[in-house]
Amino acid sequence: MKRFAELFAALDTTTSTAARTKALAEYFRTAPEADRVWTVALLSGRRPKRVVNATELRNWAAEAAGLPLWLFEESYNVAGDLAETIALLLPPATTDADPTLDQALRQLIQLAGQPEPIRKQATLAAWAQLQGDARLLYTKLITGGFRMGVAQGLMTRALAQATGVEETTLAHRLMGDWKPETTGFHALIEGDGQQGARPYPFALASPLEAEPETLGPVTDWLAEWKWDGIRGQIIARPGAFAVWSRGEDLITDRFPEFAALADFLPPGTVIDGEILAWDGVAPLPFAALQTRITRKTVSKAQMAKAPAHILAYDLLEDAGEDIRQQPLAHRRARLATILAQIPPSLPLSLSPQITAQDWPELTAERAKARDKQAEGLMLKRLSSPYHQGRKRGDWWKWKLDPYAVDAVMLYAQAGHGRRANLYTDYTFAVRDGNDLVPFTKAYSGLTDAEFNQITAWVNRNTLERFGPVRRVKPELVFEIGFEGIQASPRHKSGLALRFPRMLRWRQDKALDQIDTLESLRALLAGTKP
Amino acid sequence: MARDNLLTFTDKGIFCPEGGFYIDPWRPVDRALITHGHSDHARPGHNRYLSTDKAAPVIRARLGDITIDTIPYGETRAIGGVNVTFHPAGHVPGSAQIAVERGGEVWVVSGDYKVENDGLSEAFAPVPCHTFISECTFGLPLFRWQPQAAITADITDWWAKNRAEGRISIISAYSLGKAQRLMAMLGHQGPILTHGAVTHMTDILRDQGYNLPPTIHVTPDITHKTHPGALVVAPGSALGTPWAKRFGDAAEATASGWMALRGIRRRRGATTGFALSDHADWPGLNQAIRATGAERVFVTHGYTAPFRRWLSEQGYDAGIIETAYHGDDAQDPDFMLPEIPPGGAGGGQPPVATET
C-alpha cells in the first residue's frame, strides 16, 4: 500500500498534467504487476463492492479511537470525508507491515458476505498496520468512495507511455467487462484477440461557445437533436449482445426490450445512440427514463409505463470491421441502410438529421428543441472520424440557453472533500404570495472566492441549525439556471428542475426582486407537449 | 455569583473588575493586558498596554504610538486588588499566559499556546490554577501534530527535491512566529529569502536577541537566477502575485495546522501542505488542561462547542466564552481559514486569521 500511497500523494500535490502523467507512468513501470492491474481497474471506475457500511465503519473507528460517537461525528463534519476522518482519528499504527494493493484488495473482497465480527476484526487489523495516506486510501477502498481525480484518458496515456502499446488500442482493450481479480497485467494491455462484448471508447462533444458561422458552410455538418437520455453503445457480435452506458456500465439487463435486436442486427454491428423513454413516436421526459435506470430488474408495469427506445447516432463496427476512421458521412449512410432493414416495430431507429440551407435556418430549428424534448442540437463534421474521447473541432453540442429565475437562499450546507468546511450546497426559494417556497437545490456555478465570501456570510446569518444544515436569513439572491422543468407531486413547490445550477450571485438584487412560483408554473405550462 | 468571579466576560473581552483591566480586548479600553502581538490579540486604540518585555517590540511596531508598560515572565505585579503574572505560552516568541490571583484563587488566561518546545519561543509551562481559560483553535481529535523533528525532515526533503530540480521553494507562513520558527528549523541548510512582511518581524526579533539564522531580504534584483534552489518564506497573501513570479517555476507549500485536512489543502490549489502549527493539538490541549489542575475550564477561539462538551464528559466544569471575531475582521489576509466548522461545531467564532 505504501507504493500506492506514494502515487496518490504525487498526484494529490500537483495539478500539472505532465507531472501527473509522469508519476502514473513511473508507477505502471515499477509497481508490482498485480498492483498495476488493480490501479488500472480503480482508475477506470472498477471499484470493489462495499463490504462494510458507513455506520459500521463509524462505530468501529470511534471505538478503536476511544472516542464517543458524537465527537466522531463532529470531527467528520469538519473533515468532510469519512475515510479521512477515520484515518486521522485512529491511534498510530502498531506495526509497520506493508501489504501490496493486490493483497489488501483480495483480502477486502473476501470479506463480502461475512458476519460482522469477522469483517470488524479484519478491518481493525488492517487499520492497525496502516499509517497516513495508506490508511486513508485503504479506508476509501472499504467505503467504495475511492477516487483519485485521474481522468481515464490521462491514465491510458500514462499506461501507453509505460508499456509502448498505442493509446487508442489500449483504450479499447481497457473497455468492457474484465475483472482485476482474474486478469493479468500482460493479458490486459496486450489483449486476448477476442472482441467479445467489448465496447469502443465513446466520442464526446465540446460545447459550442462561438457563433455557428465560425464553423464554415452549414453543409459540412450533420445536425441532429441533442437528446436528453442515456448515451449507449449496442454491441451485436456473433455470440455476444450487450448494451453499455457511457459510464461503462453494462445495462443490457435493465432494458429487456432491446434483447430482440440481437436477432435482427447483422453480426458484427456496433451502434452509438441515445436510450430514451418513448411514447411510440417521440421521447418522454427524462424523469420517465429515470424510473428505469435505478433498477437492476425491471417490472412489466415499468416497461409499459416507460418503454425504452434507442435513437441511433453512429455506426462504429460494420460486418465485424472497425469503421471508426471512415468519415461520418459514410458511417451514417451505412447506419441508415442497416436500420432500414430491421422491422419498424423494434425499439431502434435513426436519430433524424435536421437539414437547413444556412446557419440562420438551423438556428431557428434549434429554437424548437424543447418542444422535441431535446436540449439543443449536435453538430458533427461530416468528414470526421469517430474520435476517442473529447477532441475539439469535429463534434459540438449546441445547447439552448438555460431557463433562469432569480431565487433567494434559504438553507446552506457544507460540502465534502475539497469543499469541506465551505458552505456550498444551497436550497433556494421563490415567492408565493407572502411565503417563500423552496423549489430547488444547487451547489455549482460559483467561484471559490464567492463560496468563501458566502460561507462567512452564512456564519453570521444563521437562524437555525439542523445537524449540518443551516437555515439562513433570506437575503442572498442568485440566478438559478436549469435545462427543464417538470411537475412533481413529491416536491413542496409541485415542480422539479433538470440540471439546476447557480448562474450568478445577484448581489445587485434584493429579496423583493426574486421570481414567483407563478412564473415557474407558467414555464411548466409552456413546456407541456 | 458574578461578583465573586475574578474574571468576567464582556462584549469588549475578558475583564477583571477588581483589577480594572481587560485581557486581549477587541474594543478600545482604558487598560489592556496583551498576551502576544498577533493582531486578533493586540488591537489598536487602548489607553494603556501591558505585555511581556519580549512581546512589546512587535506590539509597538504593529500598533505605532501606544503607551505600553512591560513585565518580565514570572514577575508578579499588583494591579488594583489582584496580582498578575505573565508565564510563557510557547505560541510565538514573547507570548504569554496571564495568571490573575486574589487571596489564593488563581485564574489563568492561556492566550494562544502550544505545548511542544519549538526551540525559539519561550517554552510553555503549565500554571497551576483553579480556573483555566483555554483557546481551542484545534480542539478536535482530528488534529495531532507530528513532532517538530519529523516535520523538519519532511520540509527538508521537499526543499532538497526542489533544489535538485533547480527550482526555488516558496513556503507560506504567518509572518510573526511561524516564519521565524521555520528559519530556526531549516536555516542551516541553505539561503533563506524573506518577503518584506517577514523581514520586518524577523529584524525586530533578531534585534531582541532571538537566535535566528541569517536571511536575505528579497529586493527587486533577487530572482531564481541569483539564488537558485533557495527557500523563500512569505505570507500566504504573497503567493500568486507578481512579487512571487520573479522566482520562476517555483514549488509552493503552506505551513499551517490546517494543512492536516486534505480538503483545505486541496482548496489551496494542490500545493504541498505541512501541518506545522503554533497552537496546541488535541493531545496538547488535553495535556495542558490536566496539568493546570483546574476544576473549571472556559474554552474560546475555535471548536468551542464540541470541546466544551468533551471536557464536561471528562468531569470538568466547562463553559464557553464567545468572542467578537467573525470572518470579516480576520484582519490579516495572510490566511484564508475555514470559518466556523460546519455541522454545529464551534460556538459562533471562527478560528481566526492568526493561526499559523
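In what follows, chains carry the letters A, B, and so on, assigned in the order in which the sequence lines appear, proteins first and then strands, with residues in each chain numbered from 1.
Remark: A:Lys2 NZ is packed, more than 12 non-hydrogen atoms of other residues, nucleotides or ligands lying under 6.0 Å away. More than 12 heavy-atom neighbours from other residues, nucleotides or ligands sit within 6.0 angstrom of CZ on A:Phe451. The local environment of CD in B:Gln146 is sparse, with at most 12 non-hydrogen atoms from other residues, nucleotides or ligands closer than 6.0 Å. B:Gln314 CD: more than 12 foreign heavy atoms inside a 6.0 Å radius.
When the candidates A:Gly80, A:Pro68, A:Pro92 are compared by the number of heavy-atom contacts under 4.5 Å with chain B, A:Pro68 comes out ahead.
Summarising the geometry, atom OG belonging to A:Ser75 is positioned 7.5 Å from atom CH2 belonging to B:Trp282; distances are rounded to the nearest 0.5 Å. A distance of 5.0 Å separates CG of A:Leu89 from CG of B:Leu142, quoted to the nearest 0.5 Å.
Between A:Leu71 and B:Arg309, every side-chain heavy-atom pair lies at or beyond the 4.5 Å cut-off. A:Trp70 places a side-chain heavy atom less than 4.5 Å from the side chain of B:Pro306.
For the 3.5 Å distance criterion, the side chains of B:Trp310 and A:Glu74 fail to qualify, holding no donor opposite an acceptor.
The part of A:Leu90 that comes within reach of chain B is its backbone (N, CA, C, O), which places non-hydrogen atoms under 4.5 angstrom from that chain. Residue contact with chain A, scored on non-hydrogen atoms closer than 4.5 Å, involves the backbone and the side chain of B:Arg262 alike. Contacts of B:Ala253 with chain A are absent, with no heavy-atom separation under 4.5 Å from either backbone or side chain. Contact of A:Leu67 with chain B is made through the side chain alone, with heavy-atom distances under 4.5 Å.
Taking each heavy atom of A:Leu88 and B:Ala260 in turn, the nearest pair found is CD1-O, 4.0 Å.
Residues of residues 55-64 of chain A never come within less than 4.5 angstrom of chain B, heavy atom to heavy atom.
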